[in-house]
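Residue numbers count from 1 along this sequence. Atoms within each ligand, like the ligands themselves, are counted from 1 in listed order.
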Amino acid sequence: MLGAVLSACLVAACGDDPVTAAEYGEQLFQDSRLSSSQFNSFSCATCHATTPTSEAGRIYSGYTLYGSAHRGSWWGGYETNLLDAVNFCYVSFMRGVEKLPADSPQSRALYEYLVSISPDTNAQPLPYTVVKDITEVARGDATRGEAVYAAACQECHGAPHTGEGRLTDSASLLPEVTEDYATVFPGVPASLVFIEKVRHGQFFHIGGNMPPYSKEALSDEDLGALLTFMGL
Ligand code: HEC
Ligand code: HEC
């Protein structure tokens, strides 16, 4: 088991390279095998940058975790304990069967890693605005929409229409998945079902393991441009 192998590295040297807890945490952060579920293909790095701002051309559903350790509350104030904030992701998105226990080597190493990228001990909590009521958004520019797709959706869903390069076969083909919406959700415009998925992810009785996009993560303007690009 990876966990056992890597936790052995914590107490001793791994091969020739001594591995600190923070370095071990960074490895775990980038490794989908942190979750023992064979159905998981996400790592923490799938959804979070670790630099002060995310790389150019990337839009993540989650905030950058640079500075996250000392924010004091997380998920817009819904979580007041850092490990709970992490475990929410671990269980909801990475199909972790059980929460990582506080005293596990994995939790401690992830904590040390997050502290190592959090130089500001006075960091403030960040806002998190869930779009509860789904309404239409103004359509935007298709070229912008193509860039939004590449930045936000492509890593998981792969190329539009073909899914080429997608992270997991379970990620639906976009926009083709919407072709069934008229039958599955009769009377509801396909665009609204699409917007609801993006805004709610797996929550609000929707299911799956895609993350939701808050207003802060994805603006209505970018979503409107994406809809134009998707032909919705
Ligand atoms: C499938 C996407 C996804 C994965 C995988 C994921 N997260 Fe998240 N995470 C989110 C979203 C969305 C939020 C809510 C927005 C936010 O607060 O950053 C979030 C929130 C957080 C927060 C709170 C940030 C804040 O300031 O509010 C922390 C800390 C966090 N995640 C850590 C982790 C760690 C560590 C892992 C790996 C064990 C992980 N996440 C895996 C999507 C993900
Ligand atoms: C972290 C990976 C990930 C990211 C990023 C992501 N998705 Fe998904 N998405 C999935 C997975 C996995 C599924 C299938 C499981 C589910 O429905 O949650 C899915 C399903 C969907 C569905 C189909 C729901 C259905 O069954 O009808 C739509 C629509 C969708 N995603 C749109 C988007 C759009 C648009 C973006 C970019 C703004 C995006 N996704 C970003 C992983 C992701």
query = Counting only heavy atoms, which portion of Tyr149 has something under 4.0 Å from ligand 2: side chain, backbone, both, or neither?
reply = neither

remark   = Note: Tyr213, heavy atoms under 4.0 Å from ligand 2, region reported as side chain

What residue and heavy atom of the protein are closest to [atom], and at what distance?
| atom | value |
| --- | --- |
| atom 15 (C) of ligand 1 | Tyr128 CE1, 3.4 Å |
| atom 21 (C) of ligand 1 | His48 CE1, 3.4 Å |
| atom 38 (C) of ligand 1 | Cys44 SG, 2.6 Å |
| atom 18 (O) of ligand 1 | Tyr63 N, 2.7 Å |
| atom 32 (C) of ligand 1 | Leu65 CD1, 3.5 Å |

Need the ligand 2 atom indices (1-based, order shown) with element for anything under 4.0 Å from a heavy-atom of [X].
| X | result |
| --- | --- |
| Val198 | 34 (C), 35 (C) |
| Gly208 | 16 (C), 18 (O) |
| Pro211 | 1 (C) |
| Phe194 | 29 (C), 35 (C) |
| Cys156 | 1 (C), 2 (C), 3 (C), 4 (C), 5 (C), 42 (C), 43 (C) |

Would you say the side-chain atoms of [X] pair up with the backbone N or O of [Y], donor to acceptor, closer than 3.5 Å?
| X | Y | answer |
| --- | --- | --- |
| Arg199 | Tyr213 | yes |
| Tyr90 | Leu34 | yes |
| His200 | Val131 | yes |
| Arg166 | Cys156 | no |

inquiry  = If I apply the N/O under 3.5 Å rule, does Asn209 come out as touching ligand 2?
reply    = yes

ask   = Can you check whether Leu174 has an N/O within less than 3.5 Å of an N/O in ligand 2?
value = no

ask   = Heavy-atom count around Tyr111 OH within 6.0 Å, excluding the residue itself: above 12?
value = no

ask   = Quick check: are there more than 12 heavy atoms from other residues, nucleotides or ligands sitting under 6.0 Å from CD of Glu55?
value = yes

Residue-ligand contact Leu100/ligand 1, heavy atom below 4.0 Å = no

inquiry  = Against ligand 1, does Ser68 come closer than 4.0 Å with any heavy atom?
reply    = no

So for [X], does at least one of its heavy atoms come nearer than 4.0 angstrom to any atom of ligand 2?
| X | value |
| --- | --- |
| Ser61 | no |
| Tyr181 | yes |
| Leu226 | yes |

inquiry  = Within 2.8 Å of atom 8 (Fe) of ligand 1, is there any N, O or S atom belonging to Cys47?
reply    = no

key: N, O or S atom of Ser172 closer to atom 8 (Fe) of ligand 2 than 2.8 Å   = no

Ignoring angles and geometry beyond distance, decide whether [X] reaches within less than 3.5 Å of ligand 1 through its nitrogen or oxygen atoms.
| X | answer |
| --- | --- |
| Arg71 | yes |
| Trp75 | yes |
| Thr46 | no |

For [atom], tell me which residue out of [options] has the closest non-hydrogen atom.
| atom | options | value |
| --- | --- | --- |
| atom 11 (C) of ligand 2 | Ala171, Pro175, Ser43 | Ala171 |
| atom 40 (N) of ligand 2 | Met94, His200, His157 | His157 |
| atom 16 (C) of ligand 2 | Gln202, Arg199, Lys197 | Lys197 |

query = Salt bridge check: are Asp103 and Arg108 linked by an N-O gap of less than 4.0 Å?
reply = no

ask   = Is the closest basic N to carboxylate O distance between Glu221 and Arg144 below 4.0 Å?
value = no

key: Proximity to ligand 1 by part of Leu28, non-hydrogen separation under 4.0 Å   = neither

Per-residue contact class, Leu34 against ligand 1 - non-hydrogen pairs under 4.0 Å = side chain

ask   = Of the options Phe203, Trp74, Tyr78, Tyr128, which is the one that meets Phe88 in a ring pair (Phe, Tyr, Trp, His ring centres under 6.0 Å)?
value = Phe203

